[in-house]
Amino acid sequence: GSWRNPTNKAYYFDAVNKLFRIDSNSGNGVDTKDGNFQMYSNFTSGIEYYYNVNANTCDLYGLNYWSDWCYGKANQQTWMSSVRYGN
(Lines give C-alpha, C1' and ligand atoms only; values in the text may rest on other atoms or scores of the structure.)
Protein backbone atom coordinates (compact mmCIF):
# COMPACT_ATOMS: atom_id res chain seq x y z
CA GLY A 1 0.00 0.00 0.00
CA SER A 2 0.89 3.62 -0.38
CA TRP A 3 1.47 6.11 2.42
CA ARG A 4 -0.94 8.38 0.56
CA ASN A 5 -4.64 8.11 -0.19
CA PRO A 6 -5.52 7.39 -3.84
CA THR A 7 -4.63 10.53 -5.76
CA ASN A 8 -6.11 12.21 -8.82
CA LYS A 9 -3.68 14.40 -10.74
CA ALA A 10 -4.06 16.89 -13.55
CA TYR A 11 -1.30 18.72 -15.44
CA TYR A 12 -1.55 22.07 -17.20
CA PHE A 13 1.06 23.63 -19.50
CA ASP A 14 1.21 27.22 -20.73
CA ALA A 15 4.09 27.38 -23.22
CA VAL A 16 3.53 31.05 -24.11
CA ASN A 17 3.91 32.25 -20.49
CA LYS A 18 6.20 29.36 -19.43
CA LEU A 19 3.90 28.26 -16.61
CA PHE A 20 3.20 24.76 -15.33
CA ARG A 21 0.49 23.68 -12.89
CA ILE A 22 -0.06 20.36 -11.16
CA ASP A 23 -3.30 19.55 -9.31
CA SER A 24 -2.93 16.72 -6.81
CA ASN A 25 -6.06 15.68 -4.90
CA SER A 26 -5.95 12.92 -2.28
CA GLY A 27 -9.00 13.92 -0.24
CA ASN A 28 -10.47 16.47 2.14
CA GLY A 29 -7.58 16.71 4.61
CA VAL A 30 -4.86 19.33 4.84
CA ASP A 31 -1.64 17.31 4.70
CA THR A 32 0.17 15.43 1.94
CA LYS A 33 -1.49 12.12 2.85
CA ASP A 34 -5.06 13.25 2.23
CA GLY A 35 -4.97 16.84 0.95
CA ASN A 36 -5.81 18.77 -2.17
CA PHE A 37 -2.93 20.80 -3.62
CA GLN A 38 -2.21 22.98 -6.63
CA MET A 39 1.41 23.67 -7.55
CA TYR A 40 2.09 26.64 -9.82
CA SER A 41 5.58 26.86 -11.33
CA ASN A 42 6.87 29.90 -13.21
CA PHE A 43 9.94 28.95 -15.22
CA THR A 44 10.85 32.55 -16.07
CA SER A 45 11.06 33.76 -12.46
CA GLY A 46 11.98 30.50 -10.72
CA ILE A 47 9.03 30.82 -8.36
CA GLU A 48 6.67 28.03 -7.35
CA TYR A 49 3.50 28.52 -5.34
CA TYR A 50 2.23 25.50 -3.42
CA TYR A 51 -1.47 26.08 -2.71
CA ASN A 52 -3.24 23.92 -0.12
CA VAL A 53 -6.84 24.10 -1.36
CA ASN A 54 -8.47 22.63 1.77
CA ALA A 55 -6.49 24.77 4.24
CA ASN A 56 -6.62 27.87 1.98
CA THR A 57 -2.89 28.51 2.43
CA CYS A 58 -0.24 29.22 -0.15
CA ASP A 59 3.47 28.59 0.37
CA LEU A 60 6.03 30.27 -1.84
CA TYR A 61 9.02 28.21 -2.95
CA GLY A 62 11.70 28.50 -5.58
CA LEU A 63 11.82 25.85 -8.28
CA ASN A 64 15.11 24.80 -6.74
CA TYR A 65 13.29 23.44 -3.66
CA TRP A 66 11.76 20.61 -5.68
CA SER A 67 14.38 20.17 -8.40
CA ASP A 68 16.77 17.94 -6.48
CA TRP A 69 13.87 15.87 -5.21
CA CYS A 70 12.74 15.29 -8.78
CA TYR A 71 16.07 15.06 -10.59
CA GLY A 72 18.64 14.04 -7.97
CA LYS A 73 21.67 16.12 -7.05
CA ALA A 74 22.75 16.93 -10.62
CA ASN A 75 21.98 20.64 -10.18
CA GLN A 76 23.45 20.92 -6.65
CA GLN A 77 20.65 23.27 -5.65
CA THR A 78 19.70 24.14 -2.09
CA TRP A 79 16.52 25.25 -0.39
CA MET A 80 16.54 28.97 0.40
CA SER A 81 13.31 29.83 2.20
CA SER A 82 9.53 29.72 2.12
CA VAL A 83 6.82 32.29 2.76
CA ARG A 84 3.27 31.45 3.87
CA TYR A 85 0.21 33.36 2.77
CA GLY A 86 -3.31 32.70 4.09
CA ASN A 87 -4.75 31.07 7.20
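Everything quoted here is computed from the prediction, not taken from an experiment. Numbers for residues simply follow the sequence, beginning at 1.
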**Asked** Atom OG in S26, atom NZ in K9: separation rounded to 0.5 Å?
**Response** 8.0 Å
**Request:** Specify the closest pair of heavy atoms between N28 and N54, including all atoms of both residues, with the distance to one decimal.
**Result:** C-ND2, 3.2 Å
**Request:** Kindly write out the residues that satisfy ring-ring contact (aromatic ring centres under 6.0 Å, His included) with Y11, not counting sequence neighbours, or none if the list is empty.
**Result:** none
**Complete:** Across all chains, not counting sequence neighbours, the salt bridge (Lys or Arg N to Asp or Glu O under 4.0 Å) partners of R21 are D23
**Message:** Can you tell me how far apart OH (Y12) and OG (S41) are? Round to the nearest 0.5 Å.
**Reply:** 14.5 Å
**Fill in**
So OG1 of T7 and NZ of K33: to nearest 0.5 Å the spacing works out to 11.5 Å
**Request:** Supply the atom-to-atom distance D31 CG to R4 CZ, rounded to the nearest 0.5 angstrom.
**Result:** 9.5 Å
**Point-to-point distance, once rounded to the nearest 0.5 Å, from CG of N52 to CZ of F37** = 4.5 Å
**Request:** Indicate if F20 and M39 have the same hydrophobic cluster label, given that clusters are the connected sets of ILVMFWY residues with side-chain heavy-atom separations under 4.5 angstrom.
**Result:** yes
**Message:** Applying ring-ring contact (aromatic ring centres under 6.0 Å, His included), can you list everything that pairs with Y51, at least two apart in sequence or on another chain?
**Reply:** none
